[in-house]
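Encoded as structure tokens, the structure appears first; notes follow it.
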Amino acid sequence: MSLNAGDTAWVLASAALVMLMTPGLAFFYGGMVRSKSVLNMLMLNFISLAVITVLWALFGFSLSFGNDVGGGLLGNLDWAGLTEGVGKLAGFGTDENPWPGADALPVLAFAMFQLMFAIITPALISGAIADRAKFWSWVVFLVLWGTVVYFPVAHWVFSFDGFIGADASGGWIANDLKALDFAGGTAVHINAGAAALALAIILGKRKGWPKETPRPHNVPFVLLGASLLWFGWYGFNAGSALAASDTAALAFTNTTVATAAAVLGWLITEQLKFGKPTTLGAASGAVAGLVAITPACGYVDIWGALAIGVIAGVVCALAVALKFKLGLDDSLDVVGIHLVGGLIGTILIGFFSNLDVNTASLGDNGLLYGGGFTQLGRQIVAAGAVLVYSFVLTLVIGLLIKATIGFRVSEEAEVIGIDEAEHKETAYDFGGFGGGSSSEAARPATKTSADTLEGSKA
Amino acid sequence: MSLNAGDTAWVLASAALVMLMTPGLAFFYGGMVRSKSVLNMLMLNFISLAVITVLWALFGFSLSFGNDVGGGLLGNLDWAGLTEGVGKLAGFGTDENPWPGADALPVLAFAMFQLMFAIITPALISGAIADRAKFWSWVVFLVLWGTVVYFPVAHWVFSFDGFIGADASGGWIANDLKALDFAGGTAVHINAGAAALALAIILGKRKGWPKETPRPHNVPFVLLGASLLWFGWYGFNAGSALAASDTAALAFTNTTVATAAAVLGWLITEQLKFGKPTTLGAASGAVAGLVAITPACGYVDIWGALAIGVIAGVVCALAVALKFKLGLDDSLDVVGIHLVGGLIGTILIGFFSNLDVNTASLGDNGLLYGGGFTQLGRQIVAAGAVLVYSFVLTLVIGLLIKATIGFRVSEEAEVIGIDEAEHKETAYDFGGFGGGSSSEAARPATKTSADTLEGSKA
Amino acid sequence: MSLNAGDTAWVLASAALVMLMTPGLAFFYGGMVRSKSVLNMLMLNFISLAVITVLWALFGFSLSFGNDVGGGLLGNLDWAGLTEGVGKLAGFGTDENPWPGADALPVLAFAMFQLMFAIITPALISGAIADRAKFWSWVVFLVLWGTVVYFPVAHWVFSFDGFIGADASGGWIANDLKALDFAGGTAVHINAGAAALALAIILGKRKGWPKETPRPHNVPFVLLGASLLWFGWYGFNAGSALAASDTAALAFTNTTVATAAAVLGWLITEQLKFGKPTTLGAASGAVAGLVAITPACGYVDIWGALAIGVIAGVVCALAVALKFKLGLDDSLDVVGIHLVGGLIGTILIGFFSNLDVNTASLGDNGLLYGGGFTQLGRQIVAAGAVLVYSFVLTLVIGLLIKATIGFRVSEEAEVIGIDEAEHKETAYDFGGFGGGSSSEAARPATKTSADTLEGSKA
Amino acid sequence: MKLVTAIIKPFTLDDVKAALEQVGVLGMTVSEVQGYGRQKGHTEVYRGAEYSVDFVPKVKLEVLVDDTLGDKVVEAVVEAARTGKIGDGKVWVTPVDTVVRVRTGERGTDAL
Amino acid sequence: MKLVTAIIKPFTLDDVKAALEQVGVLGMTVSEVQGYGRQKGHTEVYRGAEYSVDFVPKVKLEVLVDDTLGDKVVEAVVEAARTGKIGDGKVWVTPVDTVVRVRTGERGTDAL
Amino acid sequence: MKLVTAIIKPFTLDDVKAALEQVGVLGMTVSEVQGYGRQKGHTEVYRGAEYSVDFVPKVKLEVLVDDTLGDKVVEAVVEAARTGKIGDGKVWVTPVDTVVRVRTGERGTDAL
Ligand SMILES: Nc1ncnc2c1ncn2[C@@H]1O[C@H](COP(=O)(O)OP(=O)(O)O)[C@@H](O)[C@H]1O
Ligand SMILES: Nc1ncnc2c1ncn2[C@@H]1O[C@H](COP(=O)(O)OP(=O)(O)O)[C@@H](O)[C@H]1O
Ligand SMILES: Nc1ncnc2c1ncn2[C@@H]1O[C@H](COP(=O)(O)OP(=O)(O)O)[C@@H](O)[C@H]1O
């Protein structure tokens, strides 16, 4: 009943892989904005690593995975501070292998793996408010949203009875409703997508949008980001098996197949509708596929993965056009890809769930596998619950911030560029005037720094 | 007889690492082309992830690793669709540990690891036809080449008797000829290099070449790509041990040592011949070393790795000049690095094979280790067989595509740039006119999208 | 007593992760310099992979981890050539599990993991001499510094009694002094920081500095580099547990928490002193936190990690200004971040060491955990010893190189740009004149190469 | 023939272009320039060191026009480029001896 | 003295440079510009939204010449830059009062 | 009015700017250009293939001045930009008919 080194190795590696997804997302998003706001975009993502980690250590992990306080709605504070977790194991017991079972992990390894999910989820939202959000207001948003929206929802979806402790009790969606979500279609993607919709409404359109929609300033960065996301997503999905097991291999396979199918689906849609397959489309299709297969990767067979992938690729490629009809400046299509993709994957489980490939599944077979409508119903309830909860609470949080410290930069800041306005930086200097500095002399930095040091003494 | 979690963890991690190599290759290549064709270069690589994955799931894995249909030439279709593989194990049996042995893996984990090899091999070819290939023609090429060339050759080289099943029979090179190729010097590098030679001939020179050979538009991207390749290559080589074993550690060590030696070999050659060591040379030397050690990494000792590395670095640094003598526009030196490097590594095994470091080797000691000429002969036969098979069939496929849908873009498209012509995109917009959009107003996107949506209804 | 596959999988994965840190560092540094010296910066880092690897295989590993020659100062040459290590195991024995114990690893896996530390340490130094170091002089420096400084210091700190062999004896800091350094606060960061100080003095200020301090030419690259460093650092720190164990999970957790806290600490300091939080600051804060937690990550609880992170973030954000007061052109703040951060982490262990979270620790509790001053004293001695040894010997090596082959490029080379002068390359060509080559015709490359081939025959 | 040269704020280019089409100008050449004048630059901060950017990004517009059209074009540009804030830029007119259209070899007004 | 200015297609620069050397021009200054005129730009598509690029990349050439050489230089450029397709560009000549070579302070023709 | 145009070495820009302020010039417009002349370019090597860069990066300076100030400005630039090495550049003066300040519509000297 002791720690399984192979499984622990895989979960630690997966945690590192998922950590890399947030910088990956930063470049995926950062490449899409104009060159004078790329740094702000990178920062909105990167700062999530810092803010959410601290919350997680203090109370986030505990709220998400502590023993349920009732109704499967929230965890208690037993694990606040995380130090409690040192030396403890977690796992699932079986008759021959009572808790923590044969695949026991250090609680801290599990906590770190799950932390990375908590970090990237709010980061996903940032794409909806590119070029115009105040940095510190976003930091406040991260604190509130993580606490009020993500931690509870993670408890609902990811906290299983009898995992963190022999008789620990978890969240309602996972254990009572028995909706299936292998790696976070609801808690991560629908959750972030619904929040993105709310923030896009609250912050409003960028100056000049849609007449002057900027084009991506660095498409290779977009593809670099998408590639790092794809790479890290293996930790996200296959790591969610929490063991180096056959289920992990299945999740890995389905993730790859669905993503590949989605890329083809998106590109063919582009070819038919716009005449050419684009690089931005390939990157977007990959992310759409990864999003859609996330909840399903451990519960469907390869045919299911193929179907989910193609559908996600085609539908998302069409969905990104809706924002123009709605006049909604969801700048980088978080709704069109993460909300739509998350819904596709979560709901299609109701059709493709196949218990033959995952005997440990708590759910039923899908509609196409003789399971009737039961599972489909559960999936819709879970998706709807998370969507509504996230959208409503994000509206509240967003309006609160807007009303108090303000959420959007000045119009002037938008014109000169948010990087200069919010971060006093310029992303690139490709040697204007053969080296830059000659035309732009730095004030005697010594003096400056001296001053500021004085200043700090004062 | 059950699954080994440690080995599975390593193979899953390795599969993810090898997946990352294809985007790495995309940046290695993409940085070398001019800025108006970088997106096309990235796409030729990235699309391989999508196309080959779907083929692999449908029939590719089965053709490569299904039971031999006869003569060790091709696998059968028992595994078509891959879903067959769920819950199954693979491994090597021994007397005390009958099949699947002590290092058993999920078949799907092995299938995913091998898939990544199938993806990057055709991607390697793309470097020979930079700036001028039609995107969809390349997609067709991937489908045909994967099916007719890669899947059979992978069977010859990578399919071992008694692995996928207790009495499964595999390919002729691995089991009958007993040539040694630890991670794909023949099936991957010679294969891709020979195909690159064929395609470079078929597509012909770029406009203005060699008088106007463009310089790399983004050397840092080249080094980024080379670094991701090096990183991922640990999965490629050490992962090919299919276990977290001493052999994996040996492969890891030899990979590192040979690559380091090759970088030094290339840079010193540059210093002596051209007066300066270049960044492009360092990146190229690393790849040359990685290529050359690939077949040998599990069969030679550290001295062998050093020798192979230095030789590969020096010889490839000279070999890249040949294309100018031959008037062959192998744009990014796929022949000079992958074909030459692959031959070096594959054949030098005949000199450096050392059974002391790998008791499981099916081969003999090399010439320098008292093994005589036997192994050298086998290596030459294997290398020659793959080279000829790949070159001839690639010629046929290439000519077929050229004769039907055409393989090359119009001269005009080449002049304005293939990114604009084939993908309707521009890679970079560094704020021309201090922000880009002001000088290049987007047509009311609402209108546009509306149109296109109409269009889709029609 | 045989090899533990799970632990081996984790250590191999960690070795690959740490390898990626050096390219990550190259981009972290490379983005900070001006566009006409980015390639040289990348090369100074990348070449360390090549040079140190070869030294390591030949004698470096042996000098560091071979049996102690006396006084815990240096290892012997038993492992020279590394081939000795094939098939051997390493680990720690216990009463129930005599050497190599339950977590045995292949010696080569350990050797590769440690190699990556030996590679990145000298690479860190390069940031102090940006824009002005002769490439080949730097290569010579790497050879001498690795041999005379790093290998001995690694022996002092990382070579534990009874690991590489049942009765192997290691270094004085680890075994006699019993100072705690989990992953290299002394051997890596203080060591590199002190050396950076020495080289900055020897090479002197860049032309025009500080009046014309260039600004970073590519801030996204800086963040990309910091992100790859953070990702790879999980191998660095959690991998240093040399097992997929609870201690690895603790190190992983502390690494994440401290880094997050440091980012916030740095950004808040910037906000208060300079009015805005910058992207460069976020990246720098992350690195500062990673540096400071490195020695402590396996010995402190989460509260300790939080404290160390915040302190490192704030102090380093202030420390980087000192160079202007001192008139020392430590171009990329290696002293301000690695020396200062390394000292913070190493010494704070004396306050925060908590034996409850690491029962295998050879040290005592820290001052704040009832351990009195003992451990604090040891930490100070260890830090001081490495600092002085590295600073003095680096001065000697640096002066030697300066006096013989010279260490700095000509002033003219500095003005036109070191990339052109030292590497005959230009980092970027974003299609000036709509495609570059038209305005910059390549000399008939055929001719050229022909010449040079002739040349080689001569 | 005259050459009208204008230094304007980048984001006004679209309006200026439109205004020029109004007065019948069929072509123009623009480029990115850096301006120095009453409008000041800005400062940035990198690891605590201030970095002051003295120049302001501007767009330079060059329009060849028939003598008769000169003033109308100047007016059009000035109107369209004006925001009333410091840094709006300058417009100046210089004499041109001859203009040739490369494609046809046409000279003078026909070349426009 | 005269200043010959030419707006040409980027890929013709090499030929133009050669042609100028033919007629004895020893130096020139070139820069990247964006052109607008009869030759239209192109459109791109990003996630289904069309993005139209109105300007065409051109190269601007400036050559100071002795009065006597003016016409020959104009001819040389026009010949070398002509492809016959729309967008070949313009060449114009403007008067110059004085030219000074910075290095020596020489004036007029000696400064070239 | 006169337009003083100067082609100088990039790293001399700061000194030239200072020198101009000395003689009371309040504004200027600068841009990146590529120069060709006596000063030769350099060659690079990529995988053994030589790549020769014929042009040298220069900075172009444009200053509108009052007729009276013309010569002083030319002097100031020439002095400040001179390094004595080949490639220091050229300065030339061209006549200007009118100058308008966009913000105010002021003309002539008042526009500067
Ligand atoms: N004397 C001059 N010569 C050339 N260009 C000038 C001159 N003065 C100003 N400019 C250009 O005009 C721009 C605006 O001038 P500025 O003095 O900042 O504002 P305003 O024109 O509103 O007074 C400057 O950025 C510069 O590009
Ligand atoms: N009136 C003008 N003033 C300045 N430049 C012009 C003018 N008309 C055209 N140009 C420049 O000449 C280029 C070619 O002009 P265009 O009308 O497209 O083709 P063509 O000269 O063959 O008729 C344009 O891209 C622009 O840069
Ligand atoms: N005839 C010319 N017309 C326009 N610009 C010129 C001319 N000759 C030289 N230049 C510019 O002046 C720069 C310096 O000229 P060059 O002949 O290299 O050195 P120098 O002026 O010291 O003799 C060139 O790089 C080019 O930009």
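- Between A/I47 and C/L267, some side-chain heavy-atom pair lies under the 4.5 Å cut-off.
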Show, in sequence, the C-alpha distance, side-chain angles and deciding distance for C/V263 and A/L49, and conclude whether the side chain to side chain contact (heavy atoms under 4.5 Å, CB included) test is met.
CA-CA 9 Å; C/V263 170; A/L49 281 157; over 6 Å; no
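- Pairing each heavy atom of C/A249 with each of A/L12, the nearest pair is CA-CD2, 4.2 Å.
- Between the A/H423 side chain and the C/T279 main chain, no donor and acceptor come within less than 3.5 Å of each other.
- Nearest heavy-atom pair, A/A5 versus C/A244, reported as atom, atom and distance to 0.1 Å: O-CB, 3.4 Å.
- Of the atoms belonging to C/A262, not a single heavy atom falls under 4.5 Å from chain A.
- Using a 4.5 Å heavy-atom threshold, the side chains of A/F430 and C/N218 count as touching.
- Proximity to chain A (any heavy atom under 4.5 Å) is shown, for C/T8, by neither the backbone nor the side chain.
- Of the atoms belonging to C/W233, not a single heavy atom falls under 4.5 Å from chain A.
- The candidate from A/L108, A/N4, A/V51, A/V38 with the greatest count of non-hydrogen atom pairs under 4.5 Å with chain C is A/L108.
- By the 4.5 Å heavy-atom criterion applied to side chains, C/F274 and A/K424 are not counted as neighbours.
- Taking the side chain as every heavy atom from C-beta outward, A/E425 and C/V219 approach each other to under 4.5 Å.
- Contacts of C/A282 with chain A are made by both backbone and side-chain atoms, with heavy-atom separations under 4.5 Å.
- In this structure, A/V11 and C/F252 have side chains that are not in contact, with every pair of non-hydrogen atoms separated by 4.5 Å or more.
- Under the 4.5 Å side-chain criterion, counting only non-hydrogen atoms from C-beta, A/V86 is in contact with C/D246.
- With a 4.5 Å cut-off on non-hydrogen atoms, A/A57 touches chain C through its side chain but not through its backbone.
- Atoms CG and CG, on C/L17 and A/L17 in that order, are 8.0 Å from each other to the nearest 0.5 Å.
- Heavy atoms of A/W136 lying under 4.5 Å from chain C belong exclusively to its side chain.
- Residues of residues 220-228 of chain C placed with any heavy atom under 4.5 Å of a heavy atom in chain A are listed by number as C/P220, C/F221, C/L223, C/L224, C/S227, C/L228.
- Proximity to chain C at a heavy-atom threshold of 4.5 Å picks out A/P23, A/F27 from residues 23-32 of chain A, in numerical order.
- Across A/G6, A/A111, A/G232, A/G87, the residue that shares the most heavy-atom pairs under 4.5 angstrom with chain C is A/G87.
- For chain C, the nearby parts of A/A15 are the backbone and the side chain; heavy atoms of each come within less than 4.5 Å.
- Both the backbone and the side chain of A/T426 come within contact range of chain C, judged by heavy atoms closer than 4.5 Å.
- Proximity to chain C (any heavy atom under 4.5 Å) is restricted, for A/L58, to the side chain, taken from C-beta onward.
- Contact of C/Q271 with chain A is made through the side chain alone, with heavy-atom distances under 4.5 Å.
- Of the inter-residue distances, the one linking C/N254 atom CG with A/M112 atom CE reads 8.5 Å to the nearest 0.5 angstrom.
- Annotation: side chain of C/H217 is not in contact with side chain of A/Y428 (no heavy-atom distance under 4.5 Å).
- The nearest pair of heavy atoms linking A/F46 to C/A286 is CZ-CB, 4.0 Å.
- When each of A/A9, A/A109, A/G81 is scored by its heavy-atom pairs under 4.5 Å with chain C, the top score falls to A/A9.
- The two atoms that bring A/V54 and C/A260 nearest to each other are CG2-CB, 4.2 Å, heavy atoms only.
- Using modelled atom types, no side-chain atom of A/E422 and backbone atom of C/K276 make a donor-acceptor pair closer than 3.5 Å.
- Contacts of C/Y234 with chain A are made by side-chain atoms alone, with heavy-atom separations under 4.5 Å and no backbone atom involved.
- Panel note: side chain C/D301, backbone A/T83; no donor-acceptor pair is recorded below 3.5 Å.
- Annotation: side chain of C/W230 is not in contact with side chain of A/L20 (no heavy-atom distance under 4.5 Å).
- Interface residue A/M116: only side-chain heavy atoms are found under 4.5 Å from chain C.
- Note: A/E84 CD to C/I302 CD1 = 10.0 Å, rounded to the nearest 0.5 Å.
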